[in-house]
Trainee: 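Next up is a structure, given as structure tokens.
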Amino acid sequence: MKKKLSKKNIVITGASGDIAQALIQRLEGHNLILISRSLPQPVIPDKVDILINNAGFGEFSALTNLSDEQIDEMFKVNTLDLIKRTRDLQPQLQVINIASIAGKLPTAKSTVYAASKAAVLAFSDALRLEIPGLIVTTVNTGPVLTKFHKGNADYLEKVGKNAVSADYVAGKIEQVLGKNKREMNLPPQLAFVAKVRTLFPALVDNIGNKFFNYK
Ligand SMILES: NC(=O)c1ccc[n+]([C@@H]2O[C@H](COP(=O)([O-])OP(=O)(O)OC[C@H]3O[C@@H](n4cnc5c(N)ncnc54)[C@H](OP(=O)(O)O)[C@@H]3O)[C@@H](O)[C@H]2O)c1
């Protein structure tokens, strides 16, 4: 029988987001501390058990079209704030970093976003080694049907069935809560491609750029 995780203090960033909202519904019963630009700063308990670093956004455009502000803001929100918040809150049981499959399978027009998420993966791997006993889990998802893509509606149409729902991702996160899991790559078909790319990067990049260049 599945052992239920006892009530935990769980901090979630980017709480107004669609994945966060799906997660909040699934985690009722826990003490949820929500960090959001649209909410007053919450009181953080002395002991944070689990930190879910979810806040993030992407600007998908050719590098030469991105302004200094767009580049800085992506690294600030996706990477630097995540790092500093992890340092400041010192979660005791687990940190779950919502990175992206883009950190493993970069594509054209996602240069800065992919780099900001790849940095999260490296940060997470190093942190796991630095703090024995802390579970560090990365969630690396492909396209999710959320307002993240509101500026680029036809992208989701093009990726078709490779896109998953926010609740699917939230369900996967719920499954690894308190569990010793390094990373989750979603959905399975993109997890497979990411694995193959570690062995044959040039081959996967060439095929991907020719046939799956949707941004
Ligand atoms: N959707 C996808 O296809 C996809 C794929 C891979 C990874 N992800 C990652 O999944 C996480 C959640 O995204 P989502 O799909 O749920 O998108 P979402 O609905 O847009 O939620 C993201 C949340 O992050 C916060 N945020 C966005 N821009 C921000 C900014 N400039 N400064 C500070 N906070 C900002 C906002 O929360 P508040 O307004 O409440 O602060 C926003 O609601 C992100 O880290 C994203 O990179 C998404």
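We count ligands from 1, going down the list as the structure has it; atoms in each ligand are counted the same way. What you see below is based on every heavy atom in this structure, not just the backbone, and it leaves out hydrogens, waters and symmetry mates.
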Trainee: Hey, is CD on Q189 packed in by over 12 heavy atoms from elsewhere, all under 6.0 Å?
Mentor: yes
Trainee: Using a 4.0 angstrom limit on heavy atoms, which residues are close to ligand 1?
Mentor: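 Lining ligand 1 at under 4.0 Å, by heavy atoms, one finds G14, A15, S16, G17, D18, I19, S36, R37, N54, A55, G56, F57, E73, V77, I98, A99, S100, Y113, K117, T141, G142, P143, V144, T146, K147, F148, H149.
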Trainee: In terms of the angle between their ring planes, are Y113 and F60 parallel, tilted or perpendicular, with boundaries placed at 30° and 60°?
Mentor: perpendicular
Trainee: Please report the C-alpha distance between T138 and N140 in whole Å, then the side-chain angles of each, then the deciding distance to 0.1 Å, and finally whether the side chain to side chain donor-acceptor pair (under 3.5 Å) criterion is met.
Mentor: CA-CA 6 Å; T138 60; N140 309 310; 3.3 Å; yes
Trainee: Shortest non-hydrogen contact from V144 to L156?
Mentor: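 Answer, listing the atom of V144 first, then L156: O-CD2, 4.0 Å.
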Trainee: Please report the shortest heavy-atom distance between L105 and V193, naming the atom on each side.
Mentor: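 For L105 and V193, the tightest heavy-atom pair comes out as CD2-CG1, 3.9 Å.
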Trainee: Report yes if some heavy atom in the side chain of N65 is under 4.5 Å from a heavy atom in the side chain of K109; otherwise report no.
Mentor: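 No, their side chains stay 4.5 Å or more apart.
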